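Have a look at the structure below, then the notes.
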Amino acid sequence: MKYNPAEIEKKWQKRWEKEGTYHIDVTDPVHKLYCLVMFIYPSASKLHIGHWFNYGPTDTWARFKKLTGKRVFQPMGYDAFGLPAENAAVKTGVHPHKSTQENIEDIRIQLKRIGAMYDWRYEIDTSVPEYYTWTQWLFLTLYKNGNAYRAKAPVNWCPSCQTVLANEQVIEGLCERCSSPVNKKDLVQWFFRITNYADELLEHLDNLDWPEKTKLMQRNWIGKSTGVEIQFTITDTGDALKVFTTRPDTLFGVTYMVLAPEHPLVSKITTPENKEHVARYIEQASKKTEIDRQAIDREKTGVPTGAYAVNPINDEKIPVWIADYVLYSYGTGAVMAVPGHDERDFEFAKQFDLPIRNVILEPGKNEHEPLEKAYIDEGTMIQSGAYTGMDSKTGIEKISDELEERGVGKRKINYRLRDWLVSRQRYWGAPIPIIHCDTCGEVPVPEDQLPVELPTDVDFKPTGESPLARSESYMNTTCPKCGSGAKRDPDTMDTFVCSSWYYLRFPSATLDTAPFDKETTNQWLPVDKYVGGAEHAVMHLLYARFITKALRDAGYIGFDEPFLSLVHQGTITNQGAKMSKSKGNVVNPNSFIDRYGSDVFRMYLMFMGPYEEGGDWSDAGIVGIDRFVRRVYHLIIENTSYLAGKFRDDRILFDTLESDARNLYRKCHQTIKKLSVDTERFQFNTAIAALMELLNEISRYTQSMHQRSDIEKTVFVHTIRNFIIMVAPFAPHLAEEVWEMCGQTESIFTSATWPRCDESALNIEEVTIVAQVNGRIRAKFVVSAGTDQNVLKEMTLSNENIKRYIDGKQIVKAIIVKDKLVNLVVR
RNA sequence: GCCCAGAUGGCGGAACUGGUAGACGCGCUAGCUUCAGGAGCUAGUGUUCGCAAGGACGUGGGGGUUCAAAUCCCCCUCUGGGCACCA
């Protein structure tokens, strides 16, 4: 019989579905394990290799855990709101609801072909009212707790997408979606107060089993810095000018001040003769795109305001400038410039011929040498009044103390993280459940009036104004408070809001009275293993952590973190480039599934290399996995007479085994050990290699099966049964089929348990000793393990080839490592 | 510019706390088989010198530590990822 994956895979997928093999009863949390892959974005109707690489291996891990006795909950859903669907709709005229639902239909069929353990009864779709009702509930919950607010702020605007963007969605000054240059605009927008949680988001990273790289990215994004807010005084007006610095030790080196062009004090302190220049500069700065502003190699620009400020440490009068290298959104929007010890200030000072003062002496340098560039590290304080001679580290503390005592400074912590801008001027998203009333102001839609349904009869062409604003029937409503006529909020939510809480929804996917059942949620969450792309390191993953904490504080859940353990699959590239439609290098998995089957394809993806590294796509080796799978299939067909027969006995005593039965048994248990460790750690490539090694050994063993003794046949059956169970997570359909051939009637995933390693069989009995002379290998010999060091030395000395290298020489030293090597050092 | 990760045969990749470099697979070579299919089996396969025994060289480049380095330290090159005037 020939291995026919198409037939076998169909058969088992049908049977799993019919029997509900992977159904999980969420009311019973005993041995629960919540394994989650990032749900799918259904913008295109085809699964690509990246999806398979995400879902296949994760399913392997989940199946492994199931076999070890866990009750694995593995759901799947659709992140269905979002710009790509809407942009496609603008182009094709097909309504995004229609295209999204059609895509989901296609995608579901393809997902099922993977043959993963998804419990489809818990499927979710973020774009349907059954889901977004609760996205709106989430918004209102944050609103009630002061974590959602509306404010006017300079925000990122994508002129192509015609909407605002969160900071996280601006990549190098370009829109994350469409790569257009992003502008700043002053707009009233909705924000989530993620900065309230900045410190906790930073601190809790330490407890998470996440890739260090990802934690580091989040730490950098949060960007905590400790310093002092120092108050300078504007001489003419008496206004306080506050600046934040991490280097109060350089305070004696301040030679000018700089305000961000947007700083409110600018208009007040600018002297009449400078008004025109300043106004022109502000005008120009506001027109720049983020790219222009951020280009680091660009020359610094700025203009003096004509005002002066007084340095509180030495009463020195210094000029105040405005320049766009100072960001209004960070700290106080103003800086004290220390050109001697800050690269940016140095560059600016050079540009405008401002004085540069050396106040931190670099170790080994002469105080009177002029600075060639800013010295930004620690050193000895000089020209610093009473602080001269102090090391800068101490100086930071001492000067901070003095400023605090005198009431002109305060220690402060600043974060780079900004509040999350969640409103969007687009159509295909969850409407913001707020009503604007002329008398009552902002009024939240009462919960019992949710959902605020997204109307379908809207012209969603992007114009920069929210499409919903054009729908009178949508916009006009009554105020829930006073009953008079009022307007709905015309914006929709960032799709990252939908995905910031979906993991909470899964176990309660069908619940229609609440976003999630409190008890079930607290039992099944946090997610035990979360798998998805590293591109979400700071967006989705940070948002989800924040939402979890906010809901905890609102009293809905009893845990701090949503994802205890995180794995990122690597990226599969093609010819070195990320696969994308525009590059035309997308590889369609379907041709491989048709030819080799799902088992072979997913296993090949796992065998290609380390899971977390990904790699460049090549189908060159897939035949290797195909051969492996067929060899397994044929090996079992040829031996069913033993497998289904009387040789089943798991109580084999290793000590009674001899020769190759002993070796096979040992190999079997070595493999069990390796598979258990490697599969747990997502090291699928080496796990599969170990399975191949075991198969090679079994094949050799079976060549003389007919003349083997009963005990030898028993060892064979024992090994092959364990082998099938170990193959099962990697090639589930194949495993079911051969398991059935062995006379089993129930699914391997419900009837088998992951084998336990017989430690007594692992003792290595023979070892190869490497004999070296001066560190170079000159001979090898096999001895039994534990052979005495002196014996090893004697054997080395008497070795013919070794003799050639030591004759006539003096042995200075002999290094002998038990069971490993002998190294003779001769002169 | 700064931070992080990496570089191993013709190819994908293995290698525990420094102790046989190249597991496993692809490819290639030879042989055997077959109801000739994109099949199976056996042996070989880092480079190089040699009939062989056995040498020399070898983990991006250069230095170092050590009896011993893919592994530890320093410098450099390249590749991938992140941040990008955050004071």
Side-chain angles (χ1 to χ4, degrees), chain A residues 2 171-173 211-214 216-221 223-225 227 243-247 250 258 290 293-298 300 323-327 329-338 341-345 347-348 376 414-418 534-535 537-538 570-571 573 576 595 604 607-610 612-628 630-631 634 677 683 685-693 695-696 699 703 767-778 780 800-801 804 812-817 819-826:
Chain A
K2 244 176 115 180
I171 314 287
E172 296 183 14
E212 278 308 315
K213 192 178 71 182
T214 306
L216 187 67
M217 278 167 68
Q218 292 213 351
R219 283 190 193 109
N220 292 340
W221 191 262
K224 179 177 180 168
S225 64
V243 296
F244 174 74
T245 180
T246 55
R247 293 295 301 273
T250 63
V258 190
E290 279 298 282
R293 268 182 34 93
Q294 289 176 4
I296 192 148
D297 46 342
R298 153 188 161 236
K300 295 240 174 323
D324 66 0
Y325 82 89
V326 173
L327 304 174
S329 49
Y330 183 77
T332 62
V335 301
M336 58 180 222
V338 187
H341 307 287
D342 181 283
E343 285 164 357
R344 299 149 298 179
D345 298 342
E347 199 190 319
F348 191 82
I376 56 169
N414 259 313
Y415 297 93
R416 219 185 65 117
L417 182 71
R418 309 286 148 75
E535 67 274 18
V538 278
T571 311
T573 55
R595 187 151 142 200
Y604 177 58
F607 187 61
M608 275 175 39
E612 280 157 274
E613 280 167 35
D616 204 48
W617 170 255
S618 156
D619 61 6
I622 195 166
V623 295
I625 298 292
D626 186 46
R627 276 175 205 156
F628 170 81
R630 291 204 321 258
R631 279 176 67 201
H634 290 117
V677 172
Q683 287 161 0
N685 56 332
T686 49
I688 292 169
L691 286 172
M692 288 171 166
E693 282 188 50
L695 177 66
N696 290 344
S699 302
Q703 273 159 25
V767 289
T768 303
I769 301 294
V770 175
Q772 299 177 322
V773 178
N774 286 346
R776 324 205 58 156
I777 297 161
R778 298 302 179 191
K780 292 176 189 178
E800 285 305 317
N801 201 42
R804 292 174 46 195
V812 191
K813 203 170 167 189
I815 289 114
I816 304 164
V817 182
D819 292 347
K820 287 247 162 77
L821 89 164
V822 177
N823 186 11
L824 303 175
V825 184
V826 301

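Keep in mind it's a predicted model, so treat the numbers as computed, not measured. Computed over heavy atoms, backbone and side chain alike; hydrogens, waters and symmetry mates excluded. Residue numbers begin at 1 in each chain, while the letters A, B, ... track the order of the sequences.
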Next on the checklist: If you compare every side-chain N and O of Arg219(A) against the phosphate oxygens of C3(B) (OP1, OP2), does one of them come in below 4.0 Å?
Outcome noted: no

Checklist entry - To the nearest angstrom, how far is Ile815(A) atom CD1 from U66(B) atom P? => result 13 Å

Item to check | Integer angstrom distance from the C1' of U66(B) to that of C73(B) | outcome: 12 Å

Next on the checklist: Which nucleotide wins on minimum distance to the side chain of Asn696(A), given the candidates C4(B), C67(B), G25(B)?
Outcome noted: G25(B)

Next on the checklist: Using the side-chain heavy atoms of Ile777(A), tell me which of these nucleotides is nearest: G12(B), A21(B), A87(B).
Outcome noted: A21(B)

Next on the checklist: Could you check whether any side-chain heavy atom of Asn774(A) comes within less than 4.5 Å of a side-chain heavy atom of Val825(A), counting everything from C-beta outward?
Outcome noted: yes

Item to check | Identity of whatever pairs with U65(B) - Watson-Crick or G-U, under 3.5 angstrom | outcome: none

Item to check | Flag if over 12 foreign heavy atoms under 6.0 Å of NZ, Lys213(A) | outcome: no

Checklist entry - Taking atom P of C4(B) as reference, at what distance in whole Å does atom CH2 of Trp221(A) sit? => result 19 Å

Item to check | Nearest-Å distance once atom P is located in both U47(B) and A15(B) | outcome: 23 Å

Item to check | Exam field: side chain Gln683(A) to backbone Pro610(A), donor-acceptor pair closer than 3.5 Å | outcome: no

Checklist entry - Just how far, in rounded Å, is C1' of A14(B) from CZ of Phe607(A)? => result 10 Å

Item to check | d(CD1, Ile688(A); C1', A14(B)) in whole Å | outcome: 14 Å

Checklist entry - Base, sugar-phosphate, or nothing: which does Glu212(A) touch, judged by heavy atoms less than 4.0 Å apart? => result nothing

Checklist entry - Hey, mind stepping through Leu691(A) and Phe628(A) against side chain to side chain contact (heavy atoms under 4.5 Å, CB included) and telling me if it holds? => result CA-CA 9 Å; Leu691(A) 286 172; Phe628(A) 170 81; 4.1 Å; yes

Next on the checklist: When the P atoms of A69(B) and G1(B) are compared, how many Å lie between them, rounded to an integer?
Outcome noted: 35 Å

Checklist entry - Roughly how far, to the nearest 0.5 Å, is the NZ atom of Lys780(A) from the CD1 atom of Ile769(A)? => result 12.0 Å

Item to check | Nearest-Å distance once atom C1' is located in both U33(B) and G60(B) | outcome: 45 Å

Checklist outcome for this item: Against the side chain of Thr245(A), the closest entry in G19(B), A87(B), C26(B) is A87(B)

Checklist entry - With both distances kept under 3.5 Å, what pairs with A21(B), Watson-Crick or G-U wobble? => result none

Checklist entry - Hey, does the side-chain of Arg627(A) have a donor or acceptor N/O within less than 3.5 Å of a partner on the base of G25(B)? => result no

Next on the checklist: So Asn801(A), base contact, sugar-phosphate only, or nothing? Heavy-atom distance under 4.0 Å.
Outcome noted: sugar-phosphate

Next on the checklist: Of the options U42(B), A84(B), G27(B), whose atoms approach the side-chain atoms of Gln703(A) most closely?
Outcome noted: U42(B)

Checklist entry - Over how many whole Å does the gap from Lys2(A) atom NZ to C35(B) atom P extend? => result 15 Å

Checklist entry - Which listed nucleotide (G55(B), C4(B), C26(B)) is nearest to the side chain of Arg778(A)? => result G55(B)

Checklist entry - Should Lys780(A) be listed as having a side-chain N or O under 4.0 Å from OP1 or OP2 of U20(B)? => result no

Next on the checklist: When you measure from the side-chain N and O atoms of Asn685(A) to the phosphate of A23(B), is any distance below 4.0 Å, counting only OP1 and OP2?
Outcome noted: no

Checklist entry - Quick one: Lys300(A) NZ to C85(B) C1', roughly how many Å, whole number? => result 5 Å

Checklist entry - When you measure from the side chain of Asp324(A), which nucleotide among U20(B), C85(B), A87(B) comes out closest? => result C85(B)

Item to check | Candidates G19(B), A23(B), A87(B) - which lies nearest the side chain of Val335(A) | outcome: A87(B)

Checklist outcome for this item: By the Watson-Crick or G-U definition, both distances under 3.5 Å, G50(B) is matched with none

Checklist entry - In the strands shown, is A14(B) matched to any nucleotide by a Watson-Crick or G-U wobble pair with both distances under 3.5 Å, and which? => result none

Checklist entry - In Watson-Crick or G-U wobble terms, both distances under 3.5 Å, what is the partner of U34(B)? => result none

Next on the checklist: On RNA chain B, compare the nucleotides closest to Arg804(A) and Met217(A); which residue's is nearer the 5' end?
Outcome noted: Arg804(A)

Next on the checklist: Please check: side-chain N/O of Arg418(A) versus main-chain N/O of Arg416(A), any donor-acceptor pairing under 3.5 Å?
Outcome noted: yes

Item to check | Minimum heavy-atom distance Lys2(A)-His634(A), with the two atoms named | outcome: CA-NE2, 4.2 Å

Next on the checklist: Please classify G44(B) as syn or anti, treating any glycosidic angle within 90° of 0 as syn.
Outcome noted: anti

Item to check | Phe348(A) and Tyr325(A) aromatic ring geometry - parallel, tilted or perpendicular at 30°/60° bounds | outcome: tilted

Checklist outcome for this item: Which of G55(B), G38(B), G13(B) is nearest the side chain of Arg595(A)? It is G38(B)

Checklist entry - So what does Leu821(A) hit on the nucleic acid, given a heavy-atom distance under 4.0 Å: a base, only sugar-phosphate, or nothing? => result base

Next on the checklist: Which nucleotide wins on minimum distance to the side chain of Met692(A), given the candidates C26(B), G12(B), G25(B)?
Outcome noted: G25(B)

Checklist entry - Is there a Watson-Crick or G-U wobble partner for A7(B) with both distances under 3.5 Å, and if so, which one is it? => result U77(B)

Next on the checklist: Please tell me if Ser225(A) has a side-chain N or O lying less than 4.0 Å from either OP1 or OP2 of A87(B).
Outcome noted: yes

Item to check | Integer-rounded Å distance: C2(B) P and Ile376(A) CD1 | outcome: 9 Å

Next on the checklist: Taking Ala337(A)'s backbone N and O only, do any of them form a donor-acceptor pair with Asp342(A)'s side chain (distance below 3.5 Å, no angle check)?
Outcome noted: no

Item to check | 5′-ward residue of the pair Val538(A)/Glu343(A) relative to RNA chain B | outcome: Glu343(A)

Item to check | Phosphate OP1/OP2 of A68(B) contacted by Asn774(A) side-chain N/O (<4.0 Å) | outcome: no

Next on the checklist: When the C1' atoms of U17(B) and G12(B) are compared, how many Å lie between them, rounded to an integer?
Outcome noted: 28 Å

Item to check | Step-by-step side chain to side chain contact (heavy atoms under 4.5 Å, CB included) determination, Ile625(A) to Met692(A) | outcome: CA-CA 9 Å; Ile625(A) 298 292; Met692(A) 288 171 166; 3.7 Å; yes

Item to check | Spacing of the P atoms in G62(B) and U71(B) (rounded, Å) | outcome: 13 Å

Checklist entry - Partner of C2(B) by Watson-Crick or G-U wobble geometry, both contacts under 3.5 Å, or none? => result G82(B)

Checklist entry - So what does Ser618(A) touch, heavy atoms closer than 4.0 Å: a base, only the sugar-phosphate, or nothing? => result nothing

Checklist entry - Separation of His634(A) atom NE2 from A39(B) atom P, in whole Å? => result 14 Å

Item to check | Inter-nucleotide P distance (A70(B), G9(B)), Å rounded | outcome: 14 Å

Checklist entry - On a whole-Å scale, what distance lies between the C1' atoms belonging to C49(B) and G58(B)? => result 15 Å

Checklist entry - If you check every side-chain atom of Lys213(A), which of G19(B), C4(B), C26(B) has the closest atom? => result C4(B)

Item to check | Complementary nucleotide for C28(B) - Watson-Crick or wobble, under 3.5 Å | outcome: G44(B)

Next on the checklist: Any side-chain N or O of Arg776(A) below 4.0 angstrom from OP1/OP2 of U20(B)?
Outcome noted: no

